[in-house]
Amino acid sequence: MKVCIHRGTRQIGGTCVEIETSGSRIIVDLGLPLDAVETDLALVPQISGLREDDPSLLAIILSHGHRDHWGLVPKVRPGIPIVMGRAAERIMRAAANFMPDAFAPNAWRYLESGKPLRIGPFAITPHLVDHSGFDAYALEIEADGRRLFYSGDLRAHGQKSKLFELMLKKPPRNIDVMLMEGSSLGRLDDSEQFPTEEALKRLFMERFQTTPGIVLVACSAQNIDRIVTIYRAAKKTDRTLIVDAYAAEVLKATGYDSIPKPAGDWPNIAVFIPQWQRIQLVKKNIAPIVDSYRGFRVWPEQLAEHAPHSVMLFRAWMLGDLERAGALTGARVIWSQWEGYLTEGSGAQLKISCESRGIPFEIIHTSGHASVRDLKRLAAAVNPRALVPIHTFEAERFPALFDNVVPRQDGQWWEV
């Protein structure tokens, strides 16, 4: 088995790994770099079969639905088989109706946790992991008697933290090479831990109880763990979580009865459709989807009345709707995503807009990635013969933290 990390040994995002054996190849993730302005064709790695037909390329396997792991797939030739989680596919397809540069995949086969999948000479066993991206997997890949374990993106402090502990108790065995993410290196001291989603819930509850008006939470509609945290905090404090059509469709697309959504008998959840979104739904001929929210709708003229008892999943462009509705009296904005998005663009503008209106603005967030301490636990449990850093800006720090580290370079082929 031969491996090449085309992108990812020295950066977070844009991950792409090619694996070859017996003349057959698979690609694991094909992401858009975080610093890329747009999905430029020039960013696509020079891999045979991505632009032209090459039958030796058997499939692209997507570990989860974050853009830095799939963002360049729309730029490759159509017809390459895609393998991914079923729920991740549904969420991406639901999101495509609302996002200007989204991708609606049609998977060839699906990843199912613990169920081996054979693609040519490759035996692939997915492991569902705890991550801020829903339906995310680590991958155990075997070929030619050699075994590789790709951690994908994972953590131990989310809603599904039990999955991480289970992996420590029953780790993949006899791993020759482990590709392990290191996103937290440089973001967190080695001895520190990220807050848990449960700790965030308590913080949200405190803010919901002490804010006289509506609480606006700016977070990704695809961070299902965070929405569950916010919903539970809202319910505990007798507030209603208000989502827009985009978030409502994503929540329904999870396909899980345990996920709150504007359907059935779910309490403390409602749907508000901002003006710009209403226009877009009509333009795209998908306006009828709002019919499914009958009984859950909050209308513009009701926002001010509902504000003191509501939490809204919010994006910066919605501020005008709330202002026109007179629903910002006593409001608070909570930023619940990566702090780096506040340095420029819409995040920076939102912070300025809140300051000019006298709206309190604060950050309540936790990472989608494992702390250094938890990465140490994972590496010790798997105990690979070689550990290769990936999805990190701090690869040079790995040898001081983990055993059997073998750094690699982008574009370097090596044998497992």
Side-chain angles (χ1 to χ4, degrees), residues 1-20 25-36 39-40 42-50 57 59-76 82-84 124 126-127 129 131-133 136-141 148-155 175-187 338 340 367-370 372 375 378-379 382 384 386-399 401-402 404-416:
M1 190 193 317
K2 294 181 179 179
V3 179
C4 177
I5 301 174
H6 290 277
R7 187 182 290 117
T9 64
R10 294 297 184 277
Q11 69 186 84
I12 296 172
T15 305
C16 177
V17 181
E18 183 179 5
I19 305 173
E20 185 271 337
R25 297 174 296 123
I26 56 174
I27 293 171
V28 177
D29 289 336
L30 186 57
L32 181 70
L34 291 178
D35 58 358
T39 53
D40 190 338
L43 293 170
V44 177
Q46 296 294 322
I47 299 175
S48 180
L50 289 183
L57 179 58
I60 297 173
I61 303 171
L62 302 180
S63 62
H64 65 286
H66 278 163
R67 192 180 299 271
D68 64 327
H69 290 258
W70 64 258
L72 291 175
V73 176
K75 290 294 182 181
V76 305
I82 295 173
V83 181
M84 62 189 304
I124 301 161
H127 298 272
V129 295
H131 183 45
S132 55
Y137 295 88
L139 301 171
E140 193 176 340
I141 301 171
L148 178 147
F149 183 62
Y150 172 66
S151 74
D153 289 1
L154 80 178
R155 63 179 179 176
I175 297 299
D176 295 294
V177 172
M178 178 181 183
L179 309 184
M180 189 176 76
E181 73 125 307
S183 306
S184 64
L185 276 70
R187 294 183 176 180
W338 183 46
S367 179
H369 301 273
V372 175
L375 289 174
L378 177 64
V382 176
L387 189 153
V388 177
I390 195 170
H391 206 273
T392 183
F393 288 116
E394 305 282 343
E396 69 281 355
R397 294 191 56 223
F398 269 62
L401 295 167
F402 311 103
N404 306 324
V405 174
V406 182
R408 299 293 182 179
Q409 300 294 323
D410 283 1
Q412 173 191 5
W413 279 97
W414 39 279
E415 192 162 342
V416 175

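This is a predicted model, so every value here is computed, not measured. All values below were derived from every heavy atom in this structure, side-chain atoms included, with hydrogens, water molecules and symmetry-related copies excluded.
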- Message: Within the 4.5 Å heavy-atom criterion, are Asp153 and Thr15 side-chain neighbours or not?
- Response: no
- Return the minimal non-hydrogen interatomic distance between Pro33 and Gln11, and the atom names on each side. CB-NE2, 3.8 Å
- List the atom of Leu387, the atom of Ala379, and the distance in Å for their closest heavy-atom pair. CD1-CB, 3.7 Å
- Please test Leu43 against Lys75 for side chain to side chain contact (heavy atoms under 4.5 Å, CB included), starting from the C-alpha separation and ending with a verdict. CA-CA 9 Å; Leu43 293 170; Lys75 290 294 182 181; over 6 Å; no
- Message: Please enumerate all residues that pass side-chain contact (heavy atoms from CB on, under 4.5 Å) together with Ala395, with sequence neighbours excluded.
- Response: Arg10, Pro389, Thr392
- With respect to Asp29, which candidate in His391, His66, His69 satisfies the side chain to side chain donor-acceptor pair (under 3.5 Å) definition? His69
- Item | Thr9 backbone acceptor or donor facing Gln409 side chain under 3.5 Å | no
- Message: So, taking the atom named CZ in Arg155 and the one named NE2 in His369, what distance separates them when rounded to the nearest 0.5 Å?
- Response: 9.0 Å
- Are the side chains of Ile60 and Leu50 in touch, meaning some heavy atoms are under 4.5 Å apart? yes
- Query: So do Val17 and Ile27 actually touch side chain to side chain, heavy atoms under 4.5 Å?
  - Reply: no
- Measure the shortest side-chain to side-chain distance between Arg187 and Trp338 over non-hydrogen atoms and say whether it is less than 4.5 angstrom. yes
- Message: Before you tell me yes or no, could you show the steps for Leu179 and Val28 under side chain to side chain contact (heavy atoms under 4.5 Å, CB included), namely the whole-Å CA-CA distance, both residues' side-chain angles and the distance that decides it to 0.1 Å?
- Response: CA-CA 11 Å; Leu179 309 184; Val28 177; over 6 Å; no
- Please step through side chain to side chain contact (heavy atoms under 4.5 Å, CB included) for the pair Trp414 and Val177, ending with a clear verdict. CA-CA 11 Å; Trp414 39 279; Val177 172; 3.7 Å; yes
- Query: How far does CG of Leu139 sit from OH of Tyr150, to the nearest 0.5 angstrom?
  - Reply: 7.5 Å
- Query: Nearest 0.5 Å, what's the NE2-CG distance between His6 and Asp410?
  - Reply: 9.5 Å
- Message: Treating Asn404 as the side-chain partner and Pro384 as the backbone partner, does any N or O pair qualify as donor plus acceptor under 3.5 Å?
- Response: yes
- Query: Are the side chains of Cys16 and Leu72 in touch, meaning some heavy atoms are under 4.5 Å apart?
  - Reply: no
- Approximate separation, where rounding is to 0.5 Å, of Ile175 CD1 and Ile141 CD1: 10.0 Å
- Message: Show, in sequence, the C-alpha distance, side-chain angles and deciding distance for Met180 and Phe402, and conclude whether the side chain to side chain contact (heavy atoms under 4.5 Å, CB included) test is met.
- Response: CA-CA 11 Å; Met180 189 176 76; Phe402 311 103; 3.6 Å; yes
- Tell me, please, which residues at least two apart from Glu396 pass side-chain contact (heavy atoms from CB on, under 4.5 Å). Glu394
- Message: Under the rule for salt bridge (Lys or Arg N to Asp or Glu O under 4.0 Å), what residues qualify as partners of Glu20, not counting sequence neighbours?
- Response: none
- Answer whether the closest heavy-atom distance between the side chains of Glu18 and Trp413 falls below 4.5 Å. yes
- Message: If you define the side chain from C-beta out and look only at heavy atoms, does anything of Leu375 sit under 4.5 Å from Leu185?
- Response: yes
- Considering all heavy atoms, the nearest His131-Gly368 contact: ND1-O, 2.7 Å
- Closest non-hydrogen atom pair, Gly186 against Arg397: N-NH1, 3.8 Å
- Task: Supply the atom-to-atom distance Ser151 OG to Glu140 CD, rounded to the nearest 0.5 angstrom.
- Result: 13.0 Å
- Message: Just so I know, are the side chains of Ile124 and Val83 near enough to count as touching, which here means a heavy-atom distance under 4.5 Å?
- Response: no
- Might you point out which heavy atoms bring His64 and Trp70 nearest each other, and give the distance in Å? O-CD1, 4.1 Å
- Message: With a 3.5 Å distance limit and no angle check, can you tell me whether Arg67 reaches the backbone of Leu32 through a side-chain donor-acceptor pair?
- Response: no
- Write down the atom of Val416, the atom of Leu148, and the distance for their closest heavy-atom approach. CG2-CD1, 4.5 Å
- Message: Could you measure the distance from the CD1 atom of Ile390 to the CE atom of Met178? Nearest 0.5 Å is fine.
- Response: 11.0 Å
- Expected output: side-chain Arg25 to main-chain Ser48 donor-acceptor under 3.5 Å: yes
